[in-house]
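Below you'll find the structure, written out as structure tokens, and then a few comments.
Chain letters run A, B, ... following the sequence lines, proteins first, then strands; residues in each count from 1.
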Amino acid sequence: MKQKIKNLILKAALNAHEKGDLPSSEFPDVEVETPRVESHGNFSTNFAMATASTQKMQPKRVAEAIIKSIDDTEGIVTKTEIAGPGFINFFINSLAWHPVLRRIHEEDDRYGASDIGRGSKIQVEFVSSNPTGPLHVGHGRGAAFGDAVANILLFCGYDVEKEYYINDSGRQINTLGRSVFLRYRQLLGEEIEFPDECYQGNYIHDLAGRIKEDKGSIFLDQKEDEAVLYCAQFAAKNIIAGIRDDLKSFGVEFDNWFSEQSLYDSGKVDKVLNDFRSQNIIYEKDDAHWFKTTDFGDEKDRVVVRNNGQTTYFASDIAYHKDKFERGFERVIDIWGADHHGYIPRIKACLAAAGCSDEQFDVILVQLVNLLRGGEPVAMSTRAGEFVTLKDVIDEVGADAARFIFLTRHHESPLDFDLELAKKKTNENPVFYVQYVHARISSIIRKGREKGIKDIGWDEKAIAMLKEPEEINLIKSMDSYPETVRLSAEFMEPHRITFYLMNLASSFHAYYNKHRVLTDDPLLTGARLYLVVAVKKVIKNGLTLLGVSAPEKM
RNA sequence: GCGCCUGUAGCUCAGAUGGAUAGAGCAACGGACUUCUAAUCCGUAGGUCGCAGGUUCGAAUCCUGCCAGGCGUACCA
């Protein structure tokens with residue numbers, strides 16, 4: 001509808017110019033918005049004000065000229081007015097909204113989809129938690145966010161690949177192996193002090209126990225290096241499998257699991273370091289190798305090879321990001337926890353050095369999650385290995401509630417996640433509020449079938465009976481869904497869809513409480529069913545993008 | 001110290017990339033179920049958009065400075 005109004009305005013402006021009412025044919029983009037106040041009409045444009053200076057006319061005069069030239073062949077506009085400093089307000093004929101319903105029924109689960117991505121290859125990398133322990137709540141937010149972004153981009157015509165980067169190499173894996181090995185020795189009766197820098201969680205105990213069951217005490221007689229290596233590989237493999245399971249029960253599946261170690265095995269890390277050496281952007285100082293990231297906007301240079309000869313994680317990250325672009329992605333999105341933000345200039349420096357364009361790469365930071373229970377903070381300490389895992393949360397509140405709540409905030413806004421609130425089945429908890437719409441409509445449909453009411457499809461005469469303000473309101477809301485999806489994709493902000501759904505749900509509940517769908521009038525009943533089924537489709541459509549289910553019954 | 005993020009109703013947050021009189025939910029108060037699911041709805045009340053300047057027809061939104069909170073500032077990831 002907004003697009004139609006835009007077209008009307010642009011045509012009117014061109015007409016007015018031809019007639020000589022407007023001196024210039026240069027026009028800015030037409031911006032049409034939905035005013036907050038109803039008395040300002042259904043749509044409003046600042047076009048007259050925006051073009052006034054190039055026309056060298058007063059905004060109100062421009063507005064008059066445009067209104068005079070509006071050619072509304074479809075009869076969608078009932079009234080126009082000039083208001084304030086030069087706004088043009090449009091009032092829409094309520095019957096003109098009805099075709100929106102037909103479109104929703106026709107496009108069905110593709111309603112709101114678009115081709116703004118034009119099939120371009122885009123990679124979304126998220127979660128990428130180290131395989132040294134289970135996922136916690138914060139990872140859940142990243143997972144819900146990344147998955148929703150990927151869904152939305154796919155829906156908008158991008159060729160999306162979801163990737164998880166596994167840091168299965170380097171120091172922390174060695175520490176993991178040592179942690180498990182030490183617990184293993186303790187289990188076999190040795191008295192050893194367990195160092196602070198080792199991983200403390202119970203899962204380390206469990207893994208050590210499994211090794212003991214499988215292999216007995218054989219590692220006590222082997223070289224420590226080999227034993228640690230075995231423990232590390234065993235532990236990492238099992239932890240990754242656990243992460244994969246947790247994500248799956250959270251409804252998140254990746255297209256690709258990318259191993260850091262593979263970059264070493266294929267020689268890609270060495271190659272990129274050598275390339276950079278030959279470009280003289282890696283130099284030696286204090287027995288270490290430094291990448292001159294300051295040449296590319298970073299505040300200080302960064303070590304890529306330590307003085308003990310080991311590469312840093314940063315070395316493989318250079319190779320990794322270069323590899324992403326070599327795989328042909330036109331755009332690469334990294335989703336990180338906000339605590340890693342200091343790392344952005346470094347990665348941008350790599351890409352600049354490798355000749356990749358800044359515009360093709362974006363980092364989206366997701367703020368951390370404060371876990372609460374009944375308003376009180378839940379104590380968590382990663383060091384002491386005491387934390388609420390993502391699995392705990394899914395088991396307690398359910399994947400739907402968790403995912404939805406994670407998406408009720410802008411990603412850069414910190415989020416309080418209250419376990420008690422997430423379980424509440426009241427208006428305080430928006431998940432059920434939205435899902436309830438779907439269940440209610442499903443129930444109406446079932447009741448209708450019991451009564452033998454048949455679907456009418458698109459019947460102009462019947463649909464014309466939909467003229468209650470609450471009905472028009474619902475249609476207007478659904479009309480704006482495709483735009484919401486589009487903006488949500490452009491800004492990579494899934495929370496727009498969350499808020500949209502809460503808003504649509506509110507309009508529906510208001511309608512439901514005031515009017516009956518199944519009435520004595522078959523024609524009216526048919527029309528209202530047609531309306532309500534459209535609402536059901538849009539609700540399901542939006543929930544699906546967020547990765548939340550749409551239940552038939554609650 | 002420097003960098004990034006945040007600051008909007010008592011609480012939790014939106015605010016369509018500069019528009020008209022600032023928007024929800026919760027909490028508070030008052031109402032609505034013999035009905036298609038009350039996990040719902042209707043009404044009332046609630047504001048110096050952190051503070052101070054600036055840009056312009058017009059600022060919660062853009063610029064500058066300050067205040068408060070969070071995070072970061074490794075030869076850890």
Side-chain angles (χ1 to χ4, degrees), chain A residues 31 33-37 39-40 44-46 49 52-53 59 83-87 89 128-130 132 167 170-173 175 197 260 285-290 299-300 302-314 317 337-345 365 367-368 370 375 408-410 412-416 418 421 424-433 435-437 439-448 450-451 480 483-484 486-488 490-491 493 495-496 498-500 502-503 505-506 508-519 525 528-529 532 553-554:
Chain A
E31 281 180 38
E33 56 158 25
T34 320
R36 269 196 294 265
V37 196
S39 62
H40 293 155
S44 167
T45 183
N46 63 354
M49 282 136 73
S53 62
F87 291 103
N89 297 338
S128 297
S129 154
N130 284 339
T132 54
N167 290 100
R171 218 184 71 134
Q172 84 280 358
I173 286 294
T175 305
E197 70 267 20
E260 178 188 10
K285 191 183 86 181
D286 304 331
D287 296 326
H289 296 227
W290 299 72
E299 55 188 14
K300 56 180 282 194
R302 309 290 172 175
V303 169
V304 287
V305 183
R306 288 187 268 163
N307 58 12
N308 64 5
Q310 279 189 345
T311 50
T312 63
Y313 65 97
F314 182 46
D317 257 5
D339 52 337
H340 289 74
H341 68 79
Y343 194 56
I344 297 175
L365 298 174
Q367 280 288 340
L368 308 180
N370 300 311
T408 53
R409 297 278 180 283
H410 188 272
E412 277 181 0
S413 176
L415 169 73
D416 289 338
D418 195 310
L421 196 118
K424 275 196 192 169
K425 297 180 172 175
T426 66
N427 212 342
E428 285 173 80
N429 190 350
V431 199
F432 301 121
Y433 185 77
Q435 287 184 321
Y436 191 42
V437 172
R440 266 187 155 172
I441 296 173
S442 305
S443 172
I444 295 173
I445 294 169
R446 282 193 298 271
K447 271 283 182 332
E450 282 171 26
K451 290 187 175 180
S480 67
E483 188 186 17
T484 301
R486 201 198 74 228
L487 290 168
S488 174
E490 275 175 16
F491 298 118
E493 292 178 347
H495 78 281
R496 288 170 189 267
T498 317
F499 279 90
Y500 171 86
M502 293 193 276
N503 188 43
S506 168
F508 174 78
H509 287 312
Y511 175 58
Y512 180 91
N513 270 273
K514 193 158 175 190
H515 304 285
R516 290 187 60 81
V517 174
L518 306 176
T519 66
T525 301
R528 287 188 170 170
L529 268 173
V532 146
K553 272 185 195 169
M554 284 173 75

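- A donor N or O paired with an acceptor N or O is not found under 3.5 Å between the base of A16(B) and the side-chain atoms of Thr484(A).
- Residues Lys553(A) and Asn308(A) each lie close to RNA chain B; by heavy-atom proximity, the contact nearer the 5' end of the strand is made by Lys553(A).
- The aromatic ring of Phe499(A) is not stacked on the base of A24(B), since the criterion of ring centres less than 5.5 Å apart with planes inclined by under 30° is not met.
- No donor-acceptor contact under 3.5 Å links the side chain of Asn503(A) to the base of A14(B).
- Side-chain N/O atoms of Asn46(A) and base N/O atoms of G19(B) include a donor-acceptor pair closer than 3.5 Å.
- Across the C1' atoms, G7(B) and A60(B) are found 11 Å apart, a figure rounded to whole Å.
- Put simply, the side chain of His341(A) and the base of G3(B) share a donor and an acceptor less than 3.5 Å apart.
- Under a cutoff of 6.0 Å and an axis angle of 45°, Arg440(A) and Phe508(A) do not form a cation-pi pair.
- Here the closest non-hydrogen pair linking Val303(A) and Ala288(A) is CG1-CB, 4.4 Å.
- The NE2-P distance, from His509(A) to G43(B), rounds to 16 Å in whole Å.
- Using a 4.0 Å heavy-atom distance criterion, Met502(A) is classed as making no nucleic acid contact.
- Look at the C1' atom in both U6(B) and A28(B): the space between them is 29 Å, to the nearest Å.
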